[in-house]
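Down below is the structure, laid out as structure tokens.
Because the structure is predicted, anything quoted here is derived from the model rather than measured.
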Amino acid sequence: MSLSTARSFLSEACYGEQELDANSALMELDKGLRSGKLGEQCEAVVLFPKLFQKYPFPILINSAFLKLADIFRLGNNFLRLCVLKVTQQSEKHLEKILNVDEFVKRVFSVIHSNDPVARSITLRMLGSLASIIPERKNAHHSIRQSLDSHDNVEVEAAIFAAASFSAQSKDFAAGICNKVSEMIQGLDTPVELKLKLIPMLQHMHHDASLASSSRELLQHLVNSYPSTPMVIVTLHTFTQLAASSLVDIPKQLQLLLQYLKDDPRKAVKRLAINDLKLLAKKAPHLWIRENTQTLCECALNSPYNSLKLGMLAVLSTLSGTIAIKQYFSNITGGSSVPPRLTDLVKLAQECCYHSNLAVAAHGVIVLSNIAISCPEKDIVQLEQDTVLGVESLLMLCSQDSSSSAQATLKTALTSLVKLLKSRPHLSQSAVEFLLGQLHLSCDSSRVLMCHALAAIATHLPVLGDGMLGDLVDLYRVASHSSTDKQQELLVSLATVIFVASQSSLSAEVKTVIKQQLENVANGWTVYRIARQASRMGCHEFSSELYQSLRTRVASEHFYFWLNSLKEFSQAEQCLSHVEDGDYSGAMSAIADALRSYQKGIASLTAASTPLSPLTFQCEFIKLRIDTLQALSQLICTCNSLKTSPPPAIATTIALTSGNDLQRCGRIAMQMKVCMDEFRSLAARYADLHQSSFDADYATLRNVELQQQSCLLVSHVIEALILDPQATSFQEYGTLGSVQTESEYERRMMSVFSRVLEEVECLAKKHPPVSCLHTGCLCDAVIALLKVPLSFQRYFFQKLQSTSIKLALSPSPRTPSEPIPVQNTQQLTLKVEGVVQHGSSPGLFRKIQSVCLNVTSVLQSKTGPDFKIPLDTKTNEIEQRVEPHNDYFSTQFLLNFSILGTHTVTVEASVVDESGIEWKTGPKTTVSVKSLEDPYSQQLRHQLQQAGAQPAPQRSAYARF
């Protein structure tokens, strides 16, 4: 295998190769490092980051960095520079170096070179390693010495290293602070060098005295050196120091606002604005009314659009936080100024109609946030001003396809949707305006407007019917070509139509959409529209689209995937024909749906691959199948009351046996079985929810609703038949007031509320069990079946990908061979792991800690069969570790006192930032063989030999 082979191995995207493969790649890279050709050495060095990404465990990383340290020690300056770049790229893997002393020793030896460039690269290398060697005194001393060097390259490298160590080490920061201060204030230090030294002071925040002395120095510099570069660097360092130390933020706000107001230089003003924005994000609660007022006055008086834009960006950041409430709060206790008369509102109203689109966008953001935050009594006129400002901006941008106009349009639409959620009474006129603008806008603007209309219709479904006519008319003429924007427009318009139709598409609408899709749409566009139809519950239409796509794909896995989606849509379509009160029709519809679901699950299984196992999809569909079977069984059980009513002597039997359920006859036991089945399904839905760490919020809410529907049915069975007296309805009283985020959720919550009201009313009036009770149960089943199932995003698309890879040590030589351990000793099991992410890490939730659970079970016993305490038979230990740079490590001490073979299982789960535990896996097992220690074995043999000899004559002392 050559270096090119190692390169091809490292370029593969998949994980999970054997350790041997990683070691082979390391050996090939090592051959490259030992090559006599400089080009091959450099190529080998630059391949190391890919090796670390491929196999991010300490054993390999430690070996690799030691080899790189040798190259750094023995190679030329170009190779050293390559090693430096690799080290900086692999910063998150540095803490996995096991032999830190040896690694640093090899690198540090170059610091004594006569070549200043070699010393400079070494200093930068030490600075890059500051996170793992923050308190190395020899490194501290070398950096201090190099600051006095006469070589500019070495001094710059020393400044870089000093800044890195100051950020990590309190002792170094305290020791170097005076040295840096002397150099900055020294007359012999060039101005260029001072500009590079000053940013180092931003790291002097480890304690209050250090931060205070650094702040005094910076204040002195601002006053003593009024030149533009010096003021800019000093002010920015000032801001960074204040943001880290927190206590000085109010003073820093006043200083920045003073420069913004009084300093005539645009560069200084621009720097002050950027730092104010930083502090607005960092600590908006520390902005008092006077700070915001000063910023408003500066913006009103500024003649420059670029500066006004920056100040408005700060205000738009503040307007979405508590700072806006502090601005409008009545601090003095007197009569408060009406919001419309304040400078902030005047500024926002003026900017809404500004010729600069970016300024206008920020004006709209500020105005809409004020309208949302202000008290109800003060905002009638403000609401109208906000809507007029948004509409004028929309009208201006909707016909312009440039990127700046589209960005402004997106901002304005986001603000409008946010305002309408808070003030629903403005929605009707806003929707009419958007529908009117749709016909006049360019394609890219239409796409954004469709997204806004879909968001409004989801929040206020009552507006859907009014949109439908205009949307269908627009769809007829929407697309005449197959450009990307036209395809995107077809999808967006179809989505709004699905939302507005509320899962009941008319034949005319279907015909219009199909005609356009046949004319200009490509296969991917058709699939996206079908996917949206499945999400919105339009299953009949999605089934037809999936049917047309099946034969247009190039892989059998895709064919089976589309075929499964078609079958699922047909199954849900069968359930849409269920009528109220038609119990036999409901059972036949469930039977038809189950037939399609069984075909679909077979296709779905065939569509899965090792790289895409479709675990969530398969489990979700299996649960849906089992739920439908349980609902069908419940209807059968309800019907059994007519075929097998309670006997005439049921009451007497109940009194004799003391079991009140006997009064209901045979149906009581059947109902108990049904109730247990629904509780079991709810538990399985909870497990599915807990294992879906990467799912989006809508998908998780969908799974929760399925779980709640199963719990609802079990609760209704208990309330109506099994235990009417003990059942309480208080905990379900707030169902109707929950804010819903989708049409599917709204319908499900409506069904839940209606069913609970009917059950509560019936339970109070009639004792169990009668046809009224079974009818109520069947009606609840039909009500649940009539809500079209929504297939959410995670069923089709995975936006976030998180996985954990574990490595156990000691590990067996071969997978089937157990690890030997003596029964008088304890085994130290080291568990290491890395967290691997996809393209969007932490999009929905982030890992706070990893929970490791280790259990051992005795598989076969080889020792003597005598009684052993129960706690020595198994090990069960749990630990939580916080990953650092996506790596974690911990150890477990396991006891195997029983001779025999034990199976040790290590299971990982993650805890997110909210403290919720998710069962993500993986689960790893290893075999351990507990052997008898030699001394015990020898003692046992001696006892056995002694027992084989003739017994001595009994005497009085034989017992002792």
Side-chain angles (χ1 to χ4, degrees), residues 575 578 580-594 597-598 621-647 650 654 659-688 703 705-729 731-732 748 751-752 754-756 758-760 762-763 766-787 789:
L575 298 175
V578 176
D580 289 333
D582 184 9
Y583 305 147
S584 60
M587 288 189 65
S588 60
I590 292 175
D592 292 340
L594 285 173
Y597 263 123
Q598 293 293 354
I621 295 300
K622 286 175 186 173
L623 279 167
R624 180 64 174 170
I625 291 171
D626 291 346
T627 304
L628 290 177
Q629 287 174 338
L631 291 173
S632 176
Q633 183 61 40
L634 181 58
I635 296 177
C636 287
T637 304
C638 290
N639 289 338
S640 72
L641 183 66
K642 299 174 183 176
T643 58
S644 178
N659 184 1
D660 200 43
L661 279 179
Q662 294 288 342
R663 288 188 302 104
C664 303
R666 177 172 168 269
I667 194 174
M669 296 311 296
Q670 292 178 316
M671 283 294 180
K672 191 170 187 316
V673 171
C674 287
M675 185 182 74
D676 292 340
E677 176 65 22
F678 279 104
R679 286 184 175 170
S680 170
L681 284 168
R684 287 171 59 193
Y685 273 117
D687 291 339
L688 178 63
V703 175
L705 288 170
Q706 300 300 317
Q707 179 193 6
Q708 288 171 6
S709 67
C710 293
L711 289 173
L712 173 77
V713 175
S714 70
H715 176 78
V716 169
I717 294 172
E718 186 178 20
L720 285 180
I721 296 169
L722 298 181
D723 198 359
Q725 284 78 25
T727 307
S728 169
F729 292 88
E731 57 187 304
Y732 300 97
M748 289 294 281
V751 169
F752 293 169
R754 190 172 72 249
V755 168
L756 285 170
E758 292 174 1
V759 170
E760 187 175 11
L762 185 62
H766 302 280
V769 64
S770 67
C771 291
L772 291 173
H773 296 84
T774 55
C776 183
L777 266 173
C778 292
D779 290 339
V781 170
I782 289 175
L784 289 171
L785 290 175
K786 287 178 70 176
V787 180
L789 181 67

- Side-chain heavy atoms of Met671 within contact of Met675, under 4.5 Å: no
- Query: Under a 4.5 Å cut-off applied to non-hydrogen side-chain atoms, are Asp582 and Ser584 in contact?
  - Reply: yes
- Might you point out which heavy atoms bring Cys710 and Tyr685 nearest each other, and give the distance in Å? SG-CE1, 3.8 Å
- Query: Looking only at heavy atoms, which two atoms of Ser632 and Met587 are closest? And how far apart?
  - Reply: OG-CE, 4.0 Å
- Residue pair Phe678 / Ser714: nearest heavy atoms and the distance that separates them: CB-CB, 4.0 Å
- Query: When rounded to the nearest 0.5 angstrom, what is the spacing between CG in Leu681 and CG in Asp626?
  - Reply: 6.0 Å
- Query: Atom CD of Gln670 and atom SG of Cys638: how far apart are they, to the nearest 0.5 Å?
  - Reply: 10.0 Å
- Query: Are any non-hydrogen side-chain atoms of Ile625 and Lys622 less than 4.5 angstrom apart?
  - Reply: no
- Task: Could you tell me the separation between the CZ atom of Arg684 and the CG atom of Leu623, rounded to the nearest 0.5 Å?
- Result: 4.5 Å
- Which residues share a side-chain contact (heavy atoms from CB on, under 4.5 Å) with Ala586, sequence neighbours left out: Val578, Ile635, Ile782
- Message: Counting C-beta onward and ignoring hydrogens, is there a side-chain heavy-atom pair between Val673 and Gln633 closer than 4.5 Å?
- Response: no
- Item | Distance (rounded to the nearest 0.5 Å) between Leu789 CG and Leu784 CG | 11.5 Å
- Quick one: salt bridge (Lys or Arg N to Asp or Glu O under 4.0 Å) partners of Asp687, sequence neighbours excluded? none
- Task: To the nearest 0.5 angstrom, please state how far the CG atom of Leu688 sits from the CD atom of Gln707.
- Result: 10.0 Å
- Smallest heavy-atom separation, Gln629 atom then Leu594 atom, equals CG-CD1, 3.6 Å
- Item | Pairwise side-chain contact, His715 with Val759, heavy-atom cut-off 4.5 Å (strictly under) | no
- Message: Just so I know, are the side chains of Leu705 and Phe752 near enough to count as touching, which here means a heavy-atom distance under 4.5 Å?
- Response: yes
- Of the non-hydrogen atoms in Tyr583 and Cys778, which two are nearest, and what is the gap between them? CE2-CB, 3.4 Å
- Item | Stepwise side-chain contact (heavy atoms from CB on, under 4.5 Å) test for Leu777 and Thr637 | CA-CA 10 Å; Leu777 266 173; Thr637 304; over 6 Å; no
- Item | Separation between CD of Gln706 and OG1 of Thr627, rounded to the nearest 0.5 Å | 6.5 Å
- Item | Full working for side-chain contact (heavy atoms from CB on, under 4.5 Å) between Leu720 and Leu772 | CA-CA 10 Å; Leu720 285 180; Leu772 291 173; over 6 Å; no
